[in-house]
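Computed over heavy atoms, backbone and side chain alike; hydrogens, waters and symmetry mates excluded. Positions are given from 1, in the same order as the sequence printed here. Given the structure is predicted, the values throughout are model-derived calculations rather than measurements.
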Amino acid sequence: MIDIKNITKSFGSLQVLKGIDLHIDKGEVVSIVGPSGAGKTTLLQIIGTLDKPDTGSVCVDSIYTFTLSRKTLADFRNRHLGFVFQFHQLLPEFTAIENIMIPAYIAGTSNKAAKERAKELLQFMGLTDRANHKPNELSGGEKQRIAVARALVNSPAVILADEPSGSLDTKNKEELHQLFFDLRDKYGQTFVIVTHDEGLASITDRTIHMRDGLLDTPVISTFLADTETPSTPLNSLAL
């Protein structure tokens, strides 16, 4: 699903990523943890095609993303990747359902189809009665669920989340964390989540540790342990 080879990235004289090799399987819920400055968010942005590496390659859903033209890459990002950030980033002038529909409009989806998909997601998240509320009329947990629905509206292969529960209280954190697994089970997405939340990291299929721009001690995926023996040697996964 996601194959990353020899990714390096520097900002001026500061090398943030120092040669990352990583494989993530379809349907995995993976957390990336580590101290501040380890390179977690930079890696997530490169996987999400929001930034380019200095060296290396990223293959998502069989597409080598950085071989694409700018226009084709933008279209790939819209259709194949969904993003969830620490703060919901909803547009305040639009209702919940309108916020969810925006990526679908960008993809050229008809108004009818976009609205039906948004309604489906609202129902799944138990927010049907909040469809016509604007962000300032929603709780923190509701706003973040709407943000997740927006990330899902185009049925992307991968959801990338950067501290998605960082602004939520304990109850809403737990509900959001469970939502990721419910969504994986229903829609089959792969989740890559940067987090400092130990509770979230402890329940993901695999926890990837980063330190000083490198992957720290590798952890073999419990997701793989529950499946047939992979054709790729385990020592080439997440190392």
Between Glu93 and Lys134 (salt bridge meaning N to carboxylate O under 4.0 Å), is one present in this structure?
no
Are Val158 and Phe191 close enough that some pair of their side-chain heavy atoms sits under 4.5 Å apart?
no
What is the minimum heavy-atom distance between Ala151 and Pro156, and which atoms define it?
O-CG, 3.2 Å
Listed once per pair and sorted, the side-chain hydrogen bond (donor to acceptor under 3.5 Å, both in side chains) pairs that draw on residues 37-49, sequence neighbours left out
Thr41-Asp162, Thr49-Arg77
Side chain to side chain donor-acceptor pair (under 3.5 Å) evaluation trace for Asn78 with Asp75
CA-CA 5 Å; Asn78 173 251; Asp75 182 66; over 6 Å; no
Do Glu175 side-chain atoms and Gly141 backbone N/O form a donor-acceptor pair below 3.5 Å?
no
Is it true that the side chains of Ser155 and Arg79 contain a donor and an acceptor less than 3.5 Å apart?
no
Other residues, nucleotides and ligands only: do more than 12 of their heavy atoms fall within 6.0 Å of CG on Asp212?
no
Any heavy-atom pair between the side chains of Phe181 and Ile203 that's under 4.5 Å?
yes
Using the rule that Ile, Leu, Val, Met, Phe, Trp and Tyr join whenever any side-chain heavy atoms are under 4.5 Å apart, tell me whether Val33 and Leu214 fall into a single cluster.
no
Arg211 bridged to Asp216 by N-O distance under 4.0 Å:
yes
Which atom names give the shortest non-hydrogen contact between Arg184 and Gln189, and what distance separates them?
CG-O, 3.3 Å
Can you list the residues that meet the ring pair (Phe, Tyr, Trp, His ring centres under 6.0 Å) rule with Phe124, with sequence neighbours excluded?
Tyr187
Quick one: closest heavy-atom pair of Ala118 and Ile100, and the distance?
CB-CG2, 3.7 Å
Salt bridge or not between Glu120 and Arg117? Use side-chain N to carboxylate O under 4.0 Å.
yes
About how many Å separate CG of Leu90 and CD1 of Ile146, when rounded to the nearest 0.5 Å?
7.0 Å
At their closest point, which heavy atom of Val153 faces which heavy atom of Pro103, and how far apart are they?
CG1-CB, 3.7 Å
Heavy-atom nearest pair, Asp25 first then Arg206, reads N-NH2, 4.4 Å
Joint cluster assignment, Leu17 & Leu50, ILVMFWY side-chain distance < 4.5 Å
yes
Does Arg130 reach the side chain of Leu138, with side-chain heavy atoms less than 4.5 Å apart?
yes
Checking His177 now: which residues fulfil ring pair (Phe, Tyr, Trp, His ring centres under 6.0 Å) with it, not counting sequence neighbours?
none
Short side-chain to backbone donor-acceptor contact, Arg150 and Arg145, under 3.5 Å:
no
Inter-residue atom distance Leu152.CG - Leu183.CG, 0.5 Å rounding
5.0 Å
Hey, what do you get for CD (Gln89) to CZ (Phe83), rounding to the nearest 0.5 Å?
13.0 Å
Give, for atom CG of Leu121 and atom NZ of Lys186, the distance between the pair rounded to the nearest 0.5 Å.
9.5 Å
Donor-acceptor list for residues 55-66 side chains, cut-off 3.5 Å, not counting sequence neighbours:
residue, atom, partner, partner atom, Å
Thr55, OG1, Asn6, O, 3.2
Thr55, OG1, Thr8, OG1, 2.5
Thr65, OG1, Val58, O, 3.4

Can a donor-acceptor pair be found, under 3.5 Å and without considering hydrogens, that links the side chain of Asn99 to the backbone of Phe94?
yes
Please tell me whether Leu91 and Ile97 are part of a single hydrophobic cluster in this structure, the criterion being side-chain heavy atoms less than 4.5 Å apart.
no
Any donor-acceptor pair under 3.5 Å from Asp3 side chain to His23 backbone:
no
Return yes if some donor-acceptor pair links the side-chain N/O of Thr195 with the main-chain N/O of Asp197 below 3.5 Å, else return no.
yes
If you count every heavy atom of other residues, nucleotides or ligands that lies below 6.0 Å from Lys18 atom NZ, does the total exceed 12?
yes
Can you list the residues that meet the side-chain hydrogen bond (donor to acceptor under 3.5 Å, both in side chains) rule with Lys112, with sequence neighbours excluded?
none
Start with the C-alpha gap between Asp21 and Ile4, add the side-chain angles, then the distance that decides, and say whether side-chain contact (heavy atoms from CB on, under 4.5 Å) holds.
CA-CA 5 Å; Asp21 294 309; Ile4 298 164; over 6 Å; no
Evaluate the side-chain contact (heavy atoms from CB on, under 4.5 Å) criterion for residues Phe76 and Leu81: first the C-alpha distance (whole Å), next the side-chain angles of each, then the deciding distance (0.1 Å), finally the verdict.
CA-CA 7 Å; Phe76 175 88; Leu81 304 173; 4.2 Å; yes
So if you build clusters from Ile, Leu, Val, Met, Phe, Trp, Tyr with side-chain heavy-atom gaps below 4.5 Å, do Leu127 and Ile102 land together?
no
Polar side-chain atom of Ser69 near backbone of Thr72 as donor-acceptor pair, under 3.5 Å:
yes
Using the rule given for side-chain contact (heavy atoms from CB on, under 4.5 Å), can you reason through Met210 versus Ile32, listing the C-alpha separation, both sets of side-chain angles and the distance that settles it, and then say yes or no?
CA-CA 7 Å; Met210 289 190 68; Ile32 302 177; 3.8 Å; yes
Do other residues, nucleotides or ligands put more than 12 heavy atoms under 6.0 Å from the CD atom of Gln178?
yes
Might you point out which heavy atoms bring Ala201 and Ser31 nearest each other, and give the distance in Å?
CA-OG, 3.6 Å
Going from CG on Leu179 to CD on Glu174, what distance comes out if it is rounded to the nearest 0.5 angstrom?
13.5 Å
Using side-chain contact (heavy atoms from CB on, under 4.5 Å) as the criterion, list what pairs up with Ser202, not counting sequence neighbours.
none
Verify side-chain contact (heavy atoms from CB on, under 4.5 Å) between Val30 and Ile193, making sure each step is shown before the conclusion.
CA-CA 6 Å; Val30 172; Ile193 307 167; over 6 Å; no
Check whether any side-chain N or O of Glu98 sits under 3.5 Å from a backbone N or O of Thr95 as a donor-acceptor pair, and report yes or no.
yes
Taking the side chain from Gln144 and the backbone from Pro164, do they hold a donor-acceptor pair closer than 3.5 Å?
yes
Is the backbone N or O of Lys52 less than 3.5 Å from a side-chain atom of Lys9, with the two atoms forming a donor-acceptor pair by type?
yes
CG/Leu43 to CG/Asp51 distance, rounded to the nearest 0.5 angstrom?
11.0 Å
